[in-house]
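Okay, structure first, notes after.
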Amino acid sequence: MSGITIALSKGRIFEETLPLLAAAGIVPAEDPEKSRKLIIGTNRADVRVVIVRASDVPTYVQYGAADLGIAGKDVLLEHGGAGLYQPLDLNIAKCRMCVAAPAGFDYAAAVRRGARLRIATKYIAVAREHFAAKGVHVDLIKLYGSMELAPLAGLAEAIVDLVSSGATLKANNLVEVEQIMSISSRLVVNQAALKVKRDLLQPVIAAIEGAIK
Ligand code: ATP
Ligand code: MG
């Protein structure tokens with residue numbers, strides 16, 4: 001495919017990416033929240049945006065179906081990063097990955113006595129590494145959403161999830177018991193495209209870099 005294809009997810013990443021693209025002189029022709037189109041043109045005839053699930057962005061870029069993409073560190077760690085060049089932390093979609101448990105559950109005591117814990121999460125790779133490094137025995141239970149429900153429904157003792165304000169945890173009587181890492185979104189570039197389309201991609205990457213807050 002000639003020109004540039006950029007993979008973005010709807011919602012916060014699309015919203016927070018708009019100013020960065022604008023700095024590179026790229027303005028999407030439509031709002032993906034209002035349009036059902038999955039391929040959106042821009043003011044530049046040679047640049048288009050494909051709208052995909054947040055967790056699918058690295059896959060599109062890895063296989064070269066998109067040249068550029070923007071994905072959360074959480075998503076990139078689960079994907080593994082194969083075939084991706086990750087030149088820029090964009091400092092957008094900021095939150096943190098944490099362990100949360102019901103307010104009445106003494107997580108620290110359970111860890112101290114070496115209890116085996118059931119942990120529900122969408123982030124299996126990050127959770128596995130975190131608990132292995134701490135020497136905590138866990139059974140990881142893969143979920144695709146609404147992790148907060150798991151301890152309330154008796155599926156798990158604790159969860160690993162993303163938190164920003166903490167309002168969702170609070171509304172479900174959960175507390176953050178451990179912080180794992182800070183999360184923000186990164187620009188990802190297909191490694192082969194960066195070589196073959198360098199003249200086209202490099203100015204866009206440089207303009208985005210200049211617009212990072
Ligand atoms: P989907 O909603 O399609 O299941 P998702 O939850 O991964 O997928 P988004 O909610 O758009 O998609 O989140 C995209 C990225 O934004 C996440 O990968 C993460 O890096 C970041 N993010 C998630 N939740 C928050 C939050 N509450 N505040 C700030 N950034 C967040
Ligand atoms: Mg979400």
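Atoms within a ligand are numbered from 1 in the order they appear, just like the ligands themselves.
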Which heavy atom of the protein is the closest neighbour of atom 15 (C) of ligand 1, given with residue, atom name and distance?
Ile13 CD1, 3.8 Å

Between Asp74 and ligand 1, is there a nitrogen or oxygen pair with a distance under 3.5 Å?
yes

Would you say the side-chain atoms of Asn91 and Ser184 include a donor-acceptor pair closer than 3.5 Å?
no

Contact between Thr42 and Val49 at the side-chain level, heavy atoms closer than 4.5 Å - yes or no?
yes

Taking OH in Tyr123 as the centre, count heavy atoms belonging to other residues, nucleotides or ligands within less than 6.0 Å. Is the count above 12?
yes

Ligand-side contact atoms (ligand 1) for residue partner Leu162, heavy atom cut-off under 4.0 Å
19 (C), 23 (C)

Going by the order shown, which atoms of ligand 1 are within less than 4.0 Å of some heavy atom of Val75?
18 (O)

Would you say Ala93 has any N or O atom under 3.5 Å from an N or O of ligand 1, going by distance alone?
yes

What is the nearest protein non-hydrogen atom to atom 29 (C) of ligand 1, stated with its residue, atom name and distance?
Lys94 O, 3.1 Å

Atom 12 (O) of ligand 1: the protein heavy-atom neighbour that sits closest, reported with distance to 0.1 Å
Ala54 CB, 3.6 Å

Looking only at the side chains, is there a donor atom on one of Tyr107 and Glu178 sitting less than 3.5 Å from an acceptor on the other?
yes

Minimum distance, heavy atoms only, to atom 26 (C) of ligand 1: which one of Arg12, Lys10, Arg186, Glu16 is it?
Arg12

So does Asp56 pair up with Arg53, basic N to acidic O under 4.0 Å?
no

Lys/Arg N to Asp/Glu carboxylate O, Lys10 vs Glu15, below 4.0 Å:
no

Criterion side-chain contact (heavy atoms from CB on, under 4.5 Å) against Ile180, the qualifying member of His130, Arg96, Glu129:
His130

Compare every heavy atom of Ala192 with every heavy atom of Asn190, then report the nearest pair and how far apart it is.
OD1-N, 3.1 Å

Verify the distance criterion only: is there a donor paired with an acceptor across the side chains of Thr5 and Arg48 at less than 3.5 Å?
yes

Could you list which atoms of ligand 1 come closer than 4.0 Å to a heavy atom of Cys95?
22 (N), 25 (C), 28 (N), 29 (C), 30 (N), 31 (C)

Option with minimal heavy-atom separation from atom 7 (O) of ligand 1, where the choices are Arg53, Lys122, Glu78, Glu15
Lys122

Going by the order shown, which atoms of ligand 1 are within less than 4.0 Å of some heavy atom of Ser164?
26 (C), 27 (N), 28 (N)

Please tell me if atom 2 (O) of ligand 1 is touched by the protein, where touching means a protein heavy-atom distance below 4.0 Å.
no

Are any of the heavy atoms in Gly11 under 4.0 Å away from ligand 1?
no

Going by the order shown, which atoms of ligand 1 are within less than 4.0 Å of some heavy atom of Gly72?
20 (O)

For Asp139, the option from Arg116, Arg128, Arg118 that meets salt bridge (Lys or Arg N to Asp or Glu O under 4.0 Å)
Arg116

Close-contact set for ligand 1 against Ile183 heavy atoms, below 4.0 Å
20 (O)

